[in-house]
Amino acid sequence: MEGIGVLMTCPMYKYLEQELETRFHLFKLWEQPSDKAEFLKASALKIKAIVGNTKIGADAQLIDAFPNLEIVASYSVGLDKIDLIKCEEKGIRVTNTPDVLTDDVADLAIGLILGVLRKISASDGYVRNGKWKHGDFQLGTKFSGKSVGIIGLGRIGSAVGKRAEAFNCSISYHSRSQKPLTTYKYFPNVLDLANNCEILVVACALTDETRHIINREVIEALGPKGILINIGRGAHVDEVELVSALLEGRLGGAGLDVYENEPEIPEELFRLDNVVLLPHVGSDTVETSIAMADLVIANLEAHFSNKPLLTPVS
């Protein structure tokens, strides 16, 4: 398969890059001239696969640039950076990396909840800055026994619920349809879910319907003691409304791993002790990064060997 052209859209995990170079003819989009015309003229017919992620996937323009493109493999579970309609029109196969990152993202959601409620980041800074010598740190809030609402009860949402159960939390959820194999309480709309939980976790896929699913109304329903946790995508949350609510005390706190315009983050959030900010690291562990890379490689090899894909996207 060394002669098969594979385009990598941006720097990802080094192991993935090395494995792709070993097995295929790898092109790195970020290393090409700013004027892509020469690159496309020389390489357009050679590239049969694109490897993207949640930063740069495969939009319609990129897909159309390669007439021999056969497959787009996403080094992520999210598909919002891939033009799935264009892929379907052109008969291009799509894969992603579900399951292997579920535990890491769910673990991180619980970490964000504890970080916000128990003020872990703020208290760490309190010790590091020598303030402990001058008095005790402010009280945090208990997590055990809280009511947790989850938007999106897929693999990750279910894993978050399972972990929250261990803290004796009551679990409820909202999704496109009610799930038959769960005892969690179902709410047909997000507003009712927010009105009936103390911690709201966003764990759904980003679609036109879920963009800004966390708006002013939902934030108001969650209220001044409510906590918002976002491990989905930044565009799930109306960031302007979120910042306003936090600054005005209309929301109790937030734990965020994703943002609307990454890596740009509203600077107003930097000074808030009731907010924990992470740099989109939900699945970023060594173990999971290797497993995701191996799955990307396995899907590409399966496709070019005329074998069934491991994780096809319908």
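Numbers here are sequence positions counted from 1. Because the structure is a prediction, the values reported are computed rather than measured.
For R155 against P98, the heavy-atom pair with the smallest separation is NH1-CB, 3.7 Å. The minimum heavy-atom distance between I156 and A203, with the atom names listed, is CG2-CB, 4.3 Å. Of all non-hydrogen atoms in G57 and I50, the two that sit nearest each other are O-CG2, 4.1 Å. Pairing each heavy atom of A293 with each of Y75, the nearest pair is N-CE1, 3.5 Å. Of all heavy-atom pairs spanning I214 and V218, the tightest one is CD1-CG1, 3.9 Å. A pairwise comparison of heavy atoms in V105 and S283 identifies CG2-N, 4.1 Å as the closest pair.
Within a 6.0 Å radius of NZ in K90, more than 12 heavy atoms belonging to other residues, nucleotides or ligands are found. Other residues, nucleotides and ligands contribute only 12 or fewer heavy atoms inside 6.0 Å of the NZ atom of K48. Crowding of Q61 atom CD: a count of heavy atoms from other residues, nucleotides or ligands under 6.0 Å not exceeding 12. Within 6.0 Å of CD in E267 there are 12 or fewer heavy atoms belonging to other residues, nucleotides or ligands. Heavy atoms from other residues, nucleotides or ligands lying under 6.0 Å from CD of E89 number more than 12.
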*Dump the intermediate steps for salt bridge (charged side-chain N to carboxylate O under 4.0 Å, His left out) on R23 and E301, then the final yes or no.*
CA-CA 9 Å; R23 292 168 167 79; E301 290 186 330; 2.8 Å; yes
*Would you please test D136 and W132 for side chain to side chain contact (heavy atoms under 4.5 Å, CB included) and show each step?*
CA-CA 6 Å; D136 292 333; W132 194 14; 4.0 Å; yes
*For side chain to side chain contact (heavy atoms under 4.5 Å, CB included), just list the numbers for L256 and L242, CA-CA rounded to whole Å, side-chain angles, deciding distance to a tenth of an Å, and then say yes or no.*
CA-CA 11 Å; L256 309 173; L242 174 65; 3.9 Å; yes
*Verify side chain to side chain donor-acceptor pair (under 3.5 Å) between Y13 and D284, making sure each step is shown before the conclusion.*
CA-CA 10 Å; Y13 191 43; D284 288 359; over 6 Å; no
_side chain to side chain contact (heavy atoms under 4.5 Å, CB included), that's the test. Do R216 and R250 meet it? Break it down for me._
CA-CA 10 Å; R216 187 181 182 93; R250 293 183 285 109; 3.6 Å; yes
*I would like to know whether E17 and K28 meet salt bridge (charged side-chain N to carboxylate O under 4.0 Å, His left out); could you show each step before the answer?*
CA-CA 9 Å; E17 186 177 322; K28 303 172 187 177; 2.7 Å; yes
*Run the side chain to side chain contact (heavy atoms under 4.5 Å, CB included) check on L206 and H236 step by step: do they pass?*
CA-CA 7 Å; L206 180 61; H236 283 132; 3.8 Å; yes
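The hydrophobic cluster containing L251 does not contain I199, counting ILVMFWY residues as joined when their side-chain heavy atoms lie under 4.5 angstrom apart, directly or transitively. Taking hydrophobic clusters as Ile, Leu, Val, Met, Phe, Trp and Tyr residues chained together by side-chain heavy-atom distances below 4.5 Å, M12 shares a cluster with V286. Note on I297: it clusters hydrophobically with V77, by side-chain heavy-atom contacts below 4.5 Å among ILVMFWY residues.
Counting heavy atoms from C-beta on, the side chains of L193 and S172 come closer than 4.5 Å. By the 4.5 Å heavy-atom criterion applied to side chains, L112 and V201 are not counted as neighbours. Under the 4.5 Å side-chain criterion, counting only non-hydrogen atoms from C-beta, H25 is not in contact with I4. Taking the side chain as every heavy atom from C-beta outward, I171 and C197 never approach each other to under 4.5 Å. Taking 4.5 Å as the limit, every side-chain heavy atom of M8 sits out of range of all side-chain heavy atoms of E21. You'll find the side chain of V51 reaches within 4.5 Å of the side chain of V6, heavy atoms only. Here the side chains of K81 and T9 are not in contact, with every heavy-atom distance at 4.5 Å or above. At a threshold of 4.5 Å between non-hydrogen side-chain atoms, the residues V296 and M292 do not count as touching.
Judged by distance alone, with hydrogens and angles left aside, the side-chain atoms of T207 form a donor-acceptor pair with the main-chain N or O of E209 at under 3.5 Å. For the pair D83 (side chain) and D59 (backbone), a donor-acceptor distance under 3.5 Å is absent. Looking at E260, its side chain never comes within 3.5 Å of a backbone N or O of G234 through a donor-acceptor pair. In terms of modelled atom types and a separation under 3.5 Å, the side chain of N96 and the main chain of S74 share no donor-acceptor contact. In this structure, the side chain of T285 engages the main chain of T288 through a donor-acceptor pair within 3.5 Å. Looking only at distances, no side-chain donor or acceptor of S244 sits under 3.5 Å from a matching main-chain atom of V240. Although no hydrogens or angles enter the test, the distance criterion places a donor-acceptor pair under 3.5 Å between the side chain of N215 and the main chain of E217. Distance alone, capped at 3.5 Å, is enough to place a donor-acceptor pair between the N299 side chain and the T311 backbone. In this structure, the side chain of S76 does not engage the main chain of N53 through any donor-acceptor pair within 3.5 Å.
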N/O donor to acceptor pairs below 3.5 angstrom from side-chain atoms of residues 141-153, sequence neighbours left out:
| residue | atom | partner | partner atom | Å |
| --- | --- | --- | --- | --- |
| K146 | NZ | K142 | O | 2.6 |
| S147 | OG | E198 | N | 3.0 |
| S147 | OG | E198 | OE1 | 3.0 |

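For Q18 and T22, the side-chain atoms include no donor-acceptor pair closer than 3.5 Å. Residues N230 and Y259 have side chains that never bring a donor and an acceptor to within less than 3.5 angstrom of each other.
A side chain to side chain donor-acceptor pair (under 3.5 Å) check over residues 173-184, counting only residues at least two apart or in different chains, returns the pairs E165-Y184.
Results of the side chain to side chain contact (heavy atoms under 4.5 Å, CB included) test with F66 over L62, D64, I63 single out L62 as the only residue that passes. Only one option out of T210, D80, D257, T54 pairs with R233 in a side chain to side chain donor-acceptor pair (under 3.5 Å); it is D80.
Ion pairing between a basic and an acidic side chain is recognised when a charged N comes within 4.0 Å of a carboxylate O; K185 and D192 show no such pairing.
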